[in-house]
Structures are given as C-alpha cells and as structure tokens.
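Below, each value reflects all heavy atoms present in this structure, side chains not excepted, and no hydrogens, waters or symmetry copies.
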Amino acid sequence: VQLQACGGGLVQAGGSLRLSCAASGRTFSMYSMGWFRQAPGKEREFVAAISRNGASTYYADSVKGRFTISRDNYKNTMYLQMNSLKPEDTAVYYCAARGGVVMHYTGRSVSDYNYWGQGTQVTVSS
C-alpha cells in the first residue's frame, strides 16, 4: 500500500488543522492505521491509531482530548483532526499502515507498522 499524507501547515497556538492520509494500491480496509510525529532531534513518537473498521482508536496521552483520528474506508483515507494545538505539537507527522492484522488491532509503536507515508510538516507558533 502507498500512503500520501497532506494537510500540514503553520498555525497559531490554539488553532486547528486536519491531516489526511490517502492510501492506494491495496484494499484500505485490510489495514490498521496510525499517526506518528517526529520533532527535530527527537525520536518518532506515536500519536494515534485506528483499527481496520474504525471501531477502535487509541491516543497518546499528550494528544488525548485534543486530536481525533478517523477513517473513511470508501474514500481510502484516514484523518487526524487536531484542535487546541500547542507549540509542542510542532513536528513532521507521518501516517502508517499495518496489514495482516485482526479487525480491532491498533498498533502503538513504530515497529508495529510496515508501511509509511512521506510526512507533512505541522508548525504551531506561540
């Protein structure tokens, strides 16, 4: 599966952005999906995950209550709605996919995923 993330940009603290991740090449509903981010000089970290049918989601504590992950299996697209953005949310955001998993699987580490998009930059100014 090929992944293409978009929707990043520059936003003031307290603002919102919606990231999208478009998938192609395989049956999208067969993949568990996730969002990760990487700030300069830091390791890539987990943000949120969603199961194949969207029924199960999981969030990092740092974004819980502010970010919402969702997917549209008919449009082969995953989303990350980011509200109440903070300067510490500044990073390159990556979408990821994992195939061959059960319906409600949600991976929570980099090693849980085997397909990655190219990343989209999110910058939050104070």
All side-chain hydrogen bond (donor to acceptor under 3.5 Å, both in side chains) counterparts of [X], not counting sequence neighbours:
X	value
Q38	R44
R108	T106
S51	N53
S111	S109

Check: [Y] main-chain N/O paired with [X] side-chain donor or acceptor under 3.5 Å:
X	Y	answer
S32	I50	yes
T77	K75	yes
R98	N114	no
T123	L10	no

Step by step, would you call V92 with F36 a side-chain contact (heavy atoms from CB on, under 4.5 Å)? CA-CA 8 Å; V92 177; F36 289 76; over 6 Å; no
Which value, rounded to the nearest 0.5 Å, describes the distance between [X] atom [atom1] and [Y] atom [atom2]?
X	Y	atom1	atom2	result
S84	R66	OG	CZ	7.0 Å
M82	I69	CE	CD1	12.0 Å
S126	K86	OG	NZ	14.0 Å
D89	L17	CG	CG	10.0 Å

Spell out, yes or no, whether M30 and L3 are grouped together once hydrophobic residues are joined by side-chain heavy atoms under 4.5 Å, including indirect joins. yes
Over all atoms of both residues, closest heavy-atom pair of M78 and G34: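 Taking M78 first and G34 second, the nearest heavy atoms are CE-O, 3.4 Å.
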Using every non-hydrogen atom in the two residues, find where A97 and V1 come nearest and quote the distance to one decimal. CB-CG1, 4.1 Å
Could you list all the disulfide bond (SG atoms under 2.5 Å apart) pairs where at least one residue sits in residues 85-126, not counting sequence neighbours? C21-C95
Applying disulfide bond (SG atoms under 2.5 Å apart) as the test, list every pair that has at least one member in residues 96-126; sequence neighbours left out. none
Minimum side-chain heavy-atom gap [X]-[Y] below 4.5 Å:
X	Y	answer
V124	Q12	no
V47	L80	yes
S29	R52	no
L19	W35	yes
Y113	M33	no

Residues in salt bridge (charged side-chain N to carboxylate O under 4.0 Å, His left out) contact with [X], at least two apart in sequence or another chain:
X	answer
K42	none
E45	R37
R71	none
R18	none

Please, which pairs that meet ring pair (Phe, Tyr, Trp, His ring centres under 6.0 Å) have at least one residue in residues 72-110, sequence neighbours excluded?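 Residue pairs with at least one partner in residues 72-110: there are none.
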For F46 and Y58, take the angle between the two ring planes, folded into 0 to 90°, and tell me which bin it lands in: parallel under 30, tilted 30 to 60, perpendicular over 60. tilted
Which Ile, Leu, Val, Met, Phe, Trp or Tyr residues join M103 in one cluster when any pair of side-chain heavy atoms under 4.5 Å counts as a link? none
